[in-house]
Amino acid sequence: MSVIDLRSDTVTQPTAGMLDAMANAATGDDVYGEDPTVNRLEAELAKRLGFTEALFVPTGTMSNLLGLMAHCDRGDEYIVGQQAHTYKYEGGGAAVLGSIQPQPLEVQADGSLDLAQVAAAIKPDDFHFARTRLLALENTMQGKVLPLEYLARARRFTYENGLALHLDGARLYNAAVKLGVDAREITQHFDSVSVCLSKGLGAPIGSVLCGSAELIAKARRLRKMVGGGMRQAGILAAAGLYALDNNIQRLADDHANAQMLAEGLRAAGYEVEPVQTNMVYVQMGDKAEAIKAFAATRGIKLSAAGRLRMVTHMDVSRAQIEQVVATFVEFSRI
Ligand SMILES: *Cc1c(COP(=O)(O)O)cnc(C)c1O
């Protein structure tokens with residue numbers, strides 16, 4: 001029985017083509033700046049997203065951390081969504097390692113932060129307060145795509161208020177593919193962007209932080225400090241380059257599969273949130289453990305949550321989505 005793993009888009013296995021690219025990667029010591037494949041990946045993504053420089057790091061968590069720490073000094077503050085990954089799911093790293101105070105705000109229904117609320121949260125220039133330096137957005141935010149018009153407003157807002165603007169773009173390319181625009185249409189509004197290669201793009205490891213030369217120089221120093229300076233990392237960067245060349249447009253298939261899953265579950269009477277990209281949220285209430293256990297008997301891996309998240313990715317086919325729907329139909333009848 002082949003396993004259908006819907007817990008996350010991080011679970012994909014490298015394909016034969018990707019492994020081939022990794023095996024044949026030219027390498028060098030990247031701490032010395034001598035890994036040609038890492039250098040190529042950094043240059044390529046910086047160019048694609050409209051930045052001067054980029055930095056290859058092992059994880060999205062590190063990429064966000066270095067971005068936040070490059071923007072903010074000790075005692076500075078960043079404004080961020082209450083449900084944002086940087087605030088909620090990164091072990092409090094910005095506070096622990098950067099002494100950066102988070103100012104979380106409730107995320108709006110469309111995944112954005114209300115700029116009026118952000119304005120109200122900016123601290124006056126007074127020694128009682130932390131110095132508000134940065135606004136951090138996330139796109140996609142729990143599968144939702146932030147409107148381009150909102151990003152333009154957020155950019156104007158941060159200029160007017162002297163804040164920098166960071167994007168946790170772990171799933172930037174899901175947003176770009178959904179909107180049918182070049183990723184630059186999104187990233188042009190930001191001072192720094194973190195992109196995960198190991199989510200829907202299908203690389204086994206790796207994220208990239210993009211920004212100005214000055215910001216990336218700071219981030220490079222910080223990367224060494226937190227132990228993220230890797231040596232012959234070209235083997236990993238090759239997977240990232242392969243992903244950028246081969247796995248972006250196919251994200252549309254994941255989005256279509258997520259739509260199909262949502263429609264199938266709705267038809268079976270489940271309460272499913274509207275789907276935009278590759279995430280499907282279903283209200284399972286107190287049946288979270290039961291559906292997880294039942295699905296496991298059919299080879300389907302789910303998280304256990306009342307608001308159950310299922311994520312489509314390159315290792316889940318359309319036929320497998322039909323199997324998942326059938327399993328939920330079966331579950332609803334017992
Ligand atoms: C996965 C994820 C990250 C962090 O990536 P890791 O590589 O797991 O550390 C950051 N932000 C968002 C929105 C993510 O989904």
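Values reported hereafter were calculated over all heavy atoms of this structure, with side chains retained and with hydrogens, waters and symmetry mates removed. For the single chain, residues carry numbers from 1 onward in sequence order. Counting starts at 1 for both ligands and their atoms, in listed order.
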Among protein heavy atoms, which lies nearest atom 13 (C) of ligand 1, and at what distance? Glu138 OE2, 3.2 Å
Checking a contact table here: which protein heavy atom is nearest atom 10 (C) of ligand 1, and how many Å away? His85 ND1, 3.2 Å
Applying a heavy-atom cut-off of 4.0 Å, say which part of Ser194 lies close to ligand 1: side chain, backbone, both or neither.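 Within the 4.0 Å criterion, Ser194 makes no contact with ligand 1.
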With a 4.0 Å heavy-atom cut-off (strictly under), which part of Asn64 contacts ligand 1: side chain, backbone, both or neither?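 Under 4.0 Å from ligand 1, Asn64 contributes side-chain atoms alone.
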Just by distance, with hydrogens left out, do [X] and [Y] show a side-chain donor and acceptor under 3.5 Å apart?
X      : Y      : value
Ser63  : Ser194 : yes
His255 : Asn174 : yes
Asp5   : His313 : no

Verify, without hydrogens or angle tests, whether Lys123 (side chain) and Ala121 (backbone) share a donor-acceptor contact under 3.5 angstrom.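 It does hold such a pair.
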Say whether [X], considering both its backbone and side-chain N or O atoms, lies within less than 3.5 Å of an N or O atom on ligand 1.
X      : value
Lys199 : yes
Asp168 : yes
Thr61  : yes

In this structure, are over 12 heavy atoms from other groups packed under 6.0 Å from Arg221 atom CZ? no
On a heavy-atom basis, I'd like to know which of Ala170, Ser8, Gly60 is closest to atom 6 (P) of ligand 1.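 Residue with the shortest heavy-atom distance to the ligand atom: Gly60.
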Derivation and outcome, salt bridge (charged side-chain N to carboxylate O under 4.0 Å, His left out), residues Lys47 and Asp182: CA-CA 12 Å; Lys47 186 174 103 208; Asp182 191 291; over 6 Å; no
List ligand 1 atoms under 4.0 Å from Thr59, heavy atoms only on the residue side. 7 (O), 9 (O)
So do the side chains of Thr61 and Tyr89 get within less than 4.5 Å of each other, counting heavy atoms only? no
Contact check, Met141 vs ligand 1, heavy-atom distance below 4.0 Å: no
Contact check, Arg171 vs ligand 1, heavy-atom distance below 4.0 Å: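 Per 4.0 Å heavy-atom rule, Arg171 contacts ligand 1.
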